[in-house]
Amino acid sequence: MPTVSLTLRIWRQAGPDQPGGFEVHALEAVSTDLSLLEALDLLNERLIAAGARPVGFEHDCREGICGSCGFLVNGQAQGPQRATSVCQLYLRQFRDGAVLTLEPFRARAFPVLQDLAVDRSAFDRIIASGGYCSINTGSAPEANALLIGREQASQAFDAATCIGCGACVASCRNASASLFVAAKLAHLGQLPQGQPERRDRARAMQDRMVIEGFGSCSSHLECEAACPKQISADWISWMHREAWRRP
């Protein structure tokens, strides 16, 4: 079985108001079939056995569909592999003897909770400000009653694949949430159900983005490059037009 030895340089911070710093840990001859998160699990087993505090990080699905696992790997949000979240990043992607620097997403709107875990509830508040359809349409209509064009449905689906991981924020020099907000607006804005509140939704969500402390779009397109779902940054331009479109 192929193995690899790695040096993990991990950001350790006991709590939001505690000072932080890097710790170095070595992993010797671990299977390349392990994911990076599984490698952290292995390290945590050793730390717990030694009576030390385990490394705090978030994870849930480990299938790249929830986004909760995200952190920086050698300065890259979600790691170096394109269109991949950290939970699907395997050790076979790294050369033997590599040094991996693991640290939390850096953004004022994403305060550190512990070690590699950050508070991304700002995204939830943006969604609560308008990322839904509140029009009462009565009972559910027949699925084929509303005709939606193939291109329209495809665009809506592409935008809906956003998992809210925050990689776009962490990769932007201004810590902008523009790609996240644009994806949520574009998802609803392409469908008939989203039309009645379309302009108000765009204004409310963009206003909330500013209130939460996210910066403006830097136009460097790093958000698109870091996005594990490869959502196009073209939606950001579309979003800026939405707030001023005719009702």
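Below, all heavy atoms of this structure are taken into account, side chains as well, without hydrogens, waters or symmetry copies.
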From [X] [atom1] over to [Y] [atom2], what is the distance, rounded to the nearest 0.5 angstrom?
| X | Y | atom1 | atom2 | answer |
| --- | --- | --- | --- | --- |
| E224 | S232 | CD | OG | 5.0 Å |
| D119 | L113 | CG | CG | 5.0 Å |
| I231 | C162 | CD1 | SG | 4.5 Å |
| Q152 | L147 | CD | CG | 10.5 Å |
| D124 | E212 | CG | CD | 9.5 Å |

List the atom of W235, the atom of A182, and the distance in Å for their closest heavy-atom pair. O-CB, 3.4 Å

For A117 versus E58, what's the shortest heavy-atom pair and its separation? CB-CG, 3.8 Å

Distance-only polar pair, side chains of [X] and [Y], donor-acceptor under 3.5 Å:
| X | Y | value |
| --- | --- | --- |
| S121 | R125 | yes |
| E242 | H240 | no |
| N174 | S176 | no |

Tell me, yes or no, whether the heavy-atom count around R108 atom CZ, taken from other residues, nucleotides or ligands under 6.0 Å, exceeds 12. no

Apply side chain to side chain contact (heavy atoms under 4.5 Å, CB included) to residues T3 and D96 and explain how you reach the verdict. CA-CA 8 Å; T3 63; D96 187 41; over 6 Å; no

Throw together a table of side-chain donor-acceptor distances under 3.5 angstrom for residues 65-78, partners on residues two or more places apart or in other chains.
{"unit_1": "N74", "atom_1": "OD1", "unit_2": "T101", "atom_2": "N", "d": "2.7"}
{"unit_1": "Q78", "atom_1": "OE1", "unit_2": "V86", "atom_2": "N", "d": "2.9"}

Would R120 and F123 count as a cation-pi pair here, with the cationic atom under 6.0 angstrom from the ring centre and within 45° of the axis? no

Quick one: sort the F22 and W11 rings into parallel, tilted or perpendicular, breaks at 30° and 60°. perpendicular

Is the F57 ring parallel, tilted or perpendicular to the H59 ring (thresholds 30°, 60°)? tilted

Would you confirm whether R201, through its side chain, and A243, through its main-chain N or O, come within 3.5 Å as a donor-acceptor pair? no

Under 3.5 Å: donor-acceptor pair, side chain of E222, backbone of C172: no

Among R9, R12, R53, exactly one meets salt bridge (Lys or Arg N to Asp or Glu O under 4.0 Å) together with E23. Which residue is that? R12

Let's go through S35 and Q88 carefully: what are the C-alpha distance in whole Å and the side-chain angles of both, what is the deciding distance for side chain to side chain contact (heavy atoms under 4.5 Å, CB included) to 0.1 Å, and is it a yes or a no? CA-CA 6 Å; S35 71; Q88 293 188 305; over 6 Å; no

